[in-house]
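Protein chains get the first letters and strands the later ones, always in sequence-line order, with residue 1 at the start of each. This structure is a prediction, so every number in the text was calculated from the model and none was measured.
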Number of protein chains: 2
Amino acid sequence: MRLTRAGEYGIRCVLYLARHGKGTLVSRKEIAVRTDVPPHFLAKIAQQLARAGIIEILQGANGGYRLLTDPERITMLEVIEAIIGEISLNDCVSRPESCRISARCTVHRVWNKANQQLRATLEETNFATLASEDACCLTPFPLAGDHDPSMGKK
Amino acid sequence: MRLTRAGEYGIRCVLYLARHGKGTLVSRKEIAVRTDVPPHFLAKIAQQLARAGIIEILQGANGGYRLLTDPERITMLEVIEAIIGEISLNDCVSRPESCRISARCTVHRVWNKANQQLRATLEETNFATLASEDACCLTPFPLAGDHDPSMGKK
DNA sequence: TCGATACAAGACTAAAAACATCTTATATGT
DNA sequence: ACATATAAGATGTTTTTAGTCTTGTATCGA
Ligand code: SF4
Ligand code: SF4
């Protein structure tokens with residue numbers, strides 16, 4: 001009953017990009033270092049985010065990732081489900097046919113309700129809100145100026 | 001982001017017992033067969049439920065399990081957390097120290113809220129309600145009379 | 001145009017968790 | 001005493017998670 005590491009990393013990535021604004025290109029290395037995510041793992045996560053239409057990936061020298069949408073139009077639910085698939089607290093929530101009594105199961109109804117409620121809460125939260133509040137989801141210290149010359153360089 | 005099988009099985013076990021009422025002794029074999037849970041797996045789950053004070057286990061010939069509390073005083077949250085531990089949607093919810101920025105992380109606050117909400121929903125649901133509604137969480141067909149001579153026998 | 005840089009894509013591996021079973025011991029009713 | 005029932009934990013299998021590695025492709029700029 002917990003988020004996977006990949007999901008957490010996906011949120012960090014999108015949040016980092018959101019703080020830089022829609023359309024700003026940021027290198028994978030910078031994101032990886034600043035959000036404390038293994039670079040190759042981030043690559044895989046980014047690909048899923050790209051497939052979901054949340055970010056765009058630019059190849060080549062000076063390549064990187066950038067947000068395709070305004071941060072306020074990206075929800076936590078979107079990002080998480082792009083990475084780990086649709087949230088389902090119990091197997092019978094996403095696949096009622098997996099349990100033959102699901103149609104008349106009172107427990108099933110509770111799970112459905114809880115699941116829907118959880119998804120709604122995550123859908124209410126957008127990345128503009130997350131990024132604008134005073135706190136931030138990044139690891140290393142120099143954050144304010146957004147331009148650390150040591151970043152983006154080997 | 002899902003319940004484990006053990007958690008699901010624990011709920012089935014308690015619900016089956018709840019339908020028989022507090023204090024009624026039911027053999028492990030009967031519960032296992034009727035709720036479609038592997039008998040040895042059920043044994044382990046039952047031990048956790050016993051440690052949590054939800055059921056009592058009687059050894060010896062004609063042994064079995066029985067509910068210690070009135071079904072209306074047992075919540076889904078209790079049963080689930082007796083099996084899988086405290087619900088925690090993200091690692092930082094149960095162990096804020098696992099992420100050094102949790103104190104000032106906006107994402108962390110969303111998880112906390114969602115987690116609390118989920119636990120509240122499960123806490124609202126008790127087994128008297130679950131057992132009294134027309135549907136039931138059991139697998140085999142003969143349920144009404146509660147006395148199937150083929151059960152409890154080898 | 002060539003080399004350096006940066007990401008793509010998927011194969012591969014290690015570790016952990018989930019799921020289940022097996023074995024030996026203990027308790028109880030007849 | 002014996003049959004029956006669970007206790008407790010060791011063991012085993014499978015699946016998922018987490019992370020790395022390798023080979024290939026795209027872009028920039030000297
Ligand atoms: S018994 Fe009810 S809650 Fe359990 S898996 Fe089946 S439908 Fe879902
Ligand atoms: S960055 Fe925030 S949400 Fe992510 S683990 Fe740390 S505290 Fe939790």
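- Of the charged side-chain nitrogens involved, at least one lies within less than 4.0 Å of a carboxylate oxygen, so that Arg12(A) and Glu8(A) count as a salt-bridged pair.
- A continuous path of Ile, Leu, Val, Met, Phe, Trp and Tyr side chains, each step under 4.5 Å between heavy atoms, connects Ile57(A) with Ile54(A), placing both in one hydrophobic cluster.
- The nearest whole Å value for the distance from the CG atom in Leu25(B) to the C1' atom in dT6(D) is 11 Å.
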>> Assess the residue pair Thr121(B) and Gln117(A) against the criterion (side-chain hydrogen bond (donor to acceptor under 3.5 Å, both in side chains)); give the C-alpha distance rounded to whole Å, side-chain angles, the decisive distance to 0.1 Å, and a yes or no.
In response: CA-CA 9 Å; Thr121(B) 299; Gln117(A) 194 179 242; 2.6 Å; yes

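- Atom P of nucleotide dA8(D) and atom CG of Leu49(B) are separated by 13 Å, given to the nearest angstrom.
- Taking atom CD1 of residue Ile45(B) and atom C1' of nucleotide dG9(D), one finds them 16 Å apart after rounding to whole Å.
- Asp36(B) and Tyr9(B) get closest at one heavy-atom pair: O-CE2, 4.2 Å.
- In this structure, Leu17(A) and Ile55(A) have side chains that are in contact, with non-hydrogen atoms separated by less than 4.5 Å.
- A donor-acceptor pair under 3.5 Å is formed between the side chain of Asn126(A) and the backbone N or O of Thr129(A).
- Each of Ile83(A) and Leu68(A) belongs to its own hydrophobic cluster when Ile, Leu, Val, Met, Phe, Trp and Tyr are linked at side-chain heavy-atom distances under 4.5 angstrom.
- Within the 3.5 Å criterion, the main-chain N or O of Gly64(A) finds no donor-acceptor partner in the side chain of Ser27(A).
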>> Across nucleotides 25-30 of chain D, 5' to 3', mark each nucleotide with B, S or - according to how protein heavy atoms within less than 4.0 Å reach it.
In response: BBBS--

Close N or O pairs between protein and nucleotides 12-14 of chain D (under 3.5 Å):
none

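- Between Ile55(A) atom CD1 and dA6(C) atom P there is a gap of 17 Å when expressed in whole angstrom units.
- One atom, CD of Glu56(A), and another, P of dA6(C), lie 18 Å apart when rounded to the nearest Å.
- Protein atom CZ of Arg66(A) is 15 Å distant from nucleotide atom C1' of dA6(C), rounded to whole Å.
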> How does each nucleotide of nucleotides 9-22 of chain C score, in 5' to 3' order, for protein heavy atoms under 4.0 Å: base (B), sugar-phosphate only (S), or none (-)?
Replying inline: B-B------SSBBB

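- Heavy-atom neighbours of Gln116(B) CD from other residues, nucleotides or ligands within 6.0 Å: at or below the threshold of 12.
- When rounded to the nearest whole Å, the span between CD1 of Ile83(A) and C1' of dT16(D) equals 16 Å.
- Although no hydrogens or angles enter the test, the distance criterion places a donor-acceptor pair under 3.5 Å between the side chain of Ser88(A) and the main chain of Ser94(A).
- Put simply, the side chain of Glu56(A) never gets that close to the backbone of Leu67(A): no donor and acceptor are under 3.5 Å apart.
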